[in-house]
Amino acid sequence: MSDTVTRFAPSPTGYLHVGNLRTALLNWMIARKAEGTFILRLDDTDPERSKDEYADAIREDLEWLGLTWDREERQSHRLDRYAAAADEMRAQGRLYEAFETPTELDLKRKKQLNMGRPPVYDRAALELSEAEKDRLRAERGGHWRFKLDQERIEWPDAILGPLSIDAASVSDPVLIRGDGQVLYTLASVVDDTDMGVTHVVRGSDHVTNTATQIQIMAALGFGHPTFAHHSLLTGPQGEALSKRLGTLSLRDLRAAGIEPMALLSLMARLGSTEPIVLRDTPEELAEGFELPQFGVAPTKFNEADLRPLTANVLQRTPLAAVADELRALGVPDEEAERFWTVVRDNISSRGEMAGWWRVMSEGARPDLPEEDAAFVREALALLPPPPWTEETWGSWTAAVKDATGRKGPALFKPLRRAMTGTDRGPDMASLMPLLRAGPKL
Ligand code: GLU
């Protein structure tokens with residue numbers, strides 16, 4: 001075990017989507033490559049929106065992908081740690097109480113923008129007398145803000161390069177809400193330092209958070225981990241993906257028959273200088289991975305890319321990995337090997353196995369064009385009854401050719417369609433021994 005510690009820190013307020021997966025995977029690969037520790041941290045300080053059902057779904061999705069974690073942490077179990085850190089910062093005068101309502105803050109921002117000024121919190125609360133604070137506290141309750149040192153905050157970002165943010169352009173972050181709820185910024189800082197996190201990789205929407213978190217870490221007497229901000233995903237045309245992420249949940253992709261290694265192989269390299277190469281295990285993806293391979297530009301994600309990758313995964317999947325599913329479909333064990341060899345090159349999801357087995361066990365229900373129907377009937381009269389062998393296709397089509405004079409595609413295509421219901425599929429000679437019945441016309 002090395003000292004490297006990373007974490008994936010989703011809020012259990014919804015299902016994981018491809019954007020979350022990118023973050024999870026990058027952190028996972030860093031930990032695994034360094035033989036370090038990968039923590040699953042549930043950012044569940046919001047008691048209303050956090051649900052056990054989502055926490056379970058997050059674990060299930062990660063398990064499905066094979067992204068193992070060494071430890072699980074829940075922020076809701078660590079509230080006393082956050083309270084202690086808040087006390088420490090209050091004692092230093094770095095945490096101050098403010099009382100503006102969301103509407104008042106909104107109004108202030110609008111005024112600032114109208115005057116062409118950046119919408120940064122004006123620190124009016126620092127001017128309040130104790131008596132005014134008492135009154136406001138009783139009237140509406142107060143929240144707590146961290147007082148930023150107004151200097152440039154700099155860090156070498158492991159993806160974006162040297163970064164610097166002027167703290168004067170950032171509002172003092174609210175760390176504790178009026179109802180006492182600790183917000184992510186504080187909880188995350190305390191956790192990352194307490195848990196010895198060495199690398200924090202997250203989306204570039206967190207860059208400003210990082211700047212404030214660096215100051216909060218310093219106020220608590222700590223250095224900061226290596227930060228890296230990956231670019232956000234867009235759709236294939238560069239359009240924002242944020243609205244569509246709901247439909248790109250990992251569980252929807254799983255339900256659509258996407259194979260885990262197809263998804264991981266794509267997401268582990270997308271937006272990097274490295275080619276997308278299908279790997280057999282998540283560990284293999286970690287081997288060739290380096291953070292600096294990732295670029296700054298938004299990363300285009302096209303769901304359609306997952307189909308051919310999934311087909312490729314299936315082509316290299318051994319029988320043992322699908323044997324149980326085949327048994328459940330009713331494929332007899334002694335036919336499973338042949339079934340899988342014939343079918344795996346012709347499906348783009350496991351779900352399609354069932355369709356092939358139906359054709360084989362019950363016979364196809366082909367949709368034949370008018371001009372082929374009579375021909376097919378004539379041909380079927382020349383087909384001996386099952387069981388068929390690998391030779392059947394050759395001898396049958398030869399006999400049909402002699403009888404009808406048809407040849408080439410005009411001969412083979414309608415017969416394939418009659419026997420399988422589709423125009424594309426496995427080599428017919430290999431398929432025939434698996435067919436137990438002719439078509440239902
Ligand atoms: N819960 C935060 C989020 O999902 C975590 C961000 C971070 O990695 O620090 O955005």
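We count ligands from 1, going down the list as the structure has it; atoms in each ligand are counted the same way. Each residue takes its place number in the sequence, starting with 1. Computed from a prediction, not measured in an experiment: that's the story for all the values here.
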Shortest protein contact, atom 6 (C) of ligand 1 (heavy atom only) |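 Answer for atom 6 (C) of ligand 1: Tyr184 OH, 3.3 Å.
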
Quick one: look up the protein heavy atom nearest atom 5 (C) of ligand 1 and list residue, atom name and how far away it is.
->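 In this structure, atom 5 (C) of ligand 1 has Ala9 O, 3.2 Å as its nearest protein heavy atom.
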
Per-atom contacts of ligand 1 with [X], taking only distances under 4.0 Å to non-hydrogen atoms:
{"X": "Ser11", "value": "1 (N)"}
{"X": "Arg7", "value": "7 (C), 8 (O), 9 (O)"}
{"X": "Asp43", "value": "1 (N), 2 (C), 5 (C)"}
{"X": "Ser188", "value": "9 (O)"}

Nearest option to atom 10 (O) of ligand 1, as decided by whichever heavy atom of Gln213, His206, His229, Arg202 sits closest =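 The nearest heavy atom belongs to His206.
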
Salt bridge flag under 4.0 Å for residues [X] and [Y]:
{"X": "Arg135", "Y": "Glu132", "answer": "no"}
{"X": "Arg41", "Y": "Glu72", "answer": "no"}
{"X": "Arg7", "Y": "Asp191", "answer": "no"}

With Arg350, which residues qualify under salt bridge (charged side-chain N to carboxylate O under 4.0 Å, His left out), at least two apart?
->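 Salt bridge (charged side-chain N to carboxylate O under 4.0 Å, His left out) list for Arg350, sorted by chain: Glu259, Glu325.
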
Using a cut-off of 6.0 Å, state whether more than 12 heavy atoms not belonging to Arg358 lie near its atom CZ.
->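 Atom CZ in Arg358 is not packed in, count stays at 12 or less.
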
Which donor-acceptor pairs under 3.5 Å do side chains of residues 167-175 form with protein atoms, sequence neighbours excluded?
{"from": "Ser169", "atom 1": "OG", "to": "Asp166", "atom 2": "O", "distance (Å)": "2.7"}
{"from": "Ser171", "atom 1": "OG", "to": "Tyr121", "atom 2": "N", "distance (Å)": "2.9"}
{"from": "Asp172", "atom 1": "OD1", "to": "Arg123", "atom 2": "NH2", "distance (Å)": "2.9"}
{"from": "Asp172", "atom 1": "OD1", "to": "Leu148", "atom 2": "N", "distance (Å)": "3.1"}
{"from": "Asp172", "atom 1": "OD2", "to": "Tyr96", "atom 2": "OH", "distance (Å)": "2.4"}
{"from": "Asp172", "atom 1": "OD2", "to": "Arg123", "atom 2": "NE", "distance (Å)": "2.6"}
{"from": "Asp172", "atom 1": "OD2", "to": "Arg123", "atom 2": "NH2", "distance (Å)": "3.3"}

